[in-house]
Amino acid sequence: MKEINLKSGDVLIIRKALPEDATEILQYAEQVSGESDNISYGPGEFGMTVEREQKFLQSLQGSKSCILILGLLKKKIVSIASMSGGKRKRIEHLTGLGITVRKTFWRQGIGSEMMQFLIDWAQQSKIIRKINLTVRTDNIGAIKLYEQLGFLEEGLNSRTLQINGKFYDAKMMGLEID
Ligand SMILES: CC(C)(COP(=O)(O)OP(=O)(O)OC[C@H]1O[C@@H](n2cnc3c(N)ncnc32)[C@H](O)[C@@H]1OP(=O)(O)O)[C@@H](O)C(=O)NCCC(=O)NCCS
């Protein structure tokens, strides 16, 4: 767990998600699904039941290569970020990263703090040696955030998202962990 004083004066708590957070996590997912077209699901498309989410969160407890963290302001979830590592030996050093912040709280430093928490966790894991992510090429804010943390552009994936019949390309970005 980590407590951070934000520029706004609010205190952000970052902690690992627990099975009992499942219901609020699904409510959060539904809220952020309608706040941008930069993630892989829209309203009503998250497709997870509370029971499955609880099992998933249970499966993460004690994991050294997969983690889901919550950013909380006044006990309400305002951000979720996760990393999911490879299951087989040859790819267990690789992890994919995803992050969202509730729109009302953008530009307060929450995304940066959540990312730094995951990077620190990856460094301490001794297993993760590379963090990969993909980001829509027109998601300028997120790209800037990742670059500020040392992520480098590694290439381009075409047609990564299809929204209302339109395709969107994504940059592949990565951070080596040593
Ligand atoms: C991308 C996202 C996680 C950033 O979260 P955040 O809490 O707003 O990020 P921060 O406040 O820590 O921003 C850190 C820096 O990133 C850059 N940045 C972030 N959002 C930006 C924006 N919309 N425009 C320009 N720069 C931006 C800025 O340099 C910012 O520093 P500054 O505010 O001091 O100028 C958030 O906008 C979000 O959840 N977006 C929707 C989902 C999404 O795009 N997820 C990533 C998918 S790959």
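Throughout, residue positions are numbered sequentially from 1 according to the sequence presented. One-based numbering, in listed order, for ligands and for the atoms of each.
Residue Ser112 touches ligand 1 through backbone and side chain together, judged by heavy-atom distances below 4.0 Å. Contacts between Asn139 and ligand 1, counted as non-hydrogen atom pairs separated by less than 4.0 Å, involve the side chain only.
Which of Thr160, Val32, Asn38, Ile99 comes nearest to atom 45 (N) of ligand 1 through a heavy atom is settled by distance: it is Ile99. Looking at Gly141, Gly71, Ala142 and measuring to atom 19 (C) of ligand 1, the nearest heavy atom belongs to Gly141. Of the listed residues (Lys7, Gln148, Met114), the one carrying the non-hydrogen atom nearest atom 15 (C) of ligand 1 is Gln148.
The single protein non-hydrogen atom nearest to atom 3 (C) of ligand 1 is Val101 CG2, 3.9 Å, given as residue, atom name and distance.
The existence of a salt bridge linking Lys74 and Asp10 is confirmed by a sub-4.0 Å separation between a basic side-chain nitrogen and an acidic carboxylate oxygen. By the 4.0 Å N-to-carboxylate-O rule, Asp169 lies too far from Arg159 to be salt-bridged with it. In summary, Lys171 and Glu153 engage in a salt bridge, as defined by a charged side-chain N under 4.0 Å from a carboxylate O. Between Glu92 and Arg129 there is no salt bridge, since no side-chain nitrogen of the basic residue lies less than 4.0 Å from a carboxylate oxygen of the acidic one. Using a 4.0 Å cut-off between charged nitrogen and carboxylate oxygen, Asp21 and Arg15 count as a salt-bridge pair. Using a cut-off of 4.0 Å between Lys/Arg side-chain N and Asp/Glu carboxylate O, Glu35 and Arg102 are scored as salt-bridged.
In this structure, Asp138 CG and Tyr168 OH are separated by 7.0 Å, a value rounded to the nearest 0.5 Å.
Below 4.0 Å from some heavy atom of Gly109 lie the following atoms of ligand 1, by number and element: 10 (P), 11 (O), 12 (O).
Contact annotation: Thr134 has at least one heavy atom less than 4.0 Å from an atom of ligand 1.
Considering backbone and side-chain N/O atoms, Ile39 never comes within less than 3.5 Å of an N/O atom of ligand 1. Checked against a 3.5 angstrom limit, the closest N/O atoms of Tyr146 and ligand 1 fall outside it. Below 3.5 Å of separation, one finds an N or O of Arg107 facing an N or O of ligand 1.
A cation-pi geometry, defined here as NZ or CZ lying under 6.0 Å from the six-membered ring centre and within 45° of its normal, does not hold between Lys144 and Tyr146.
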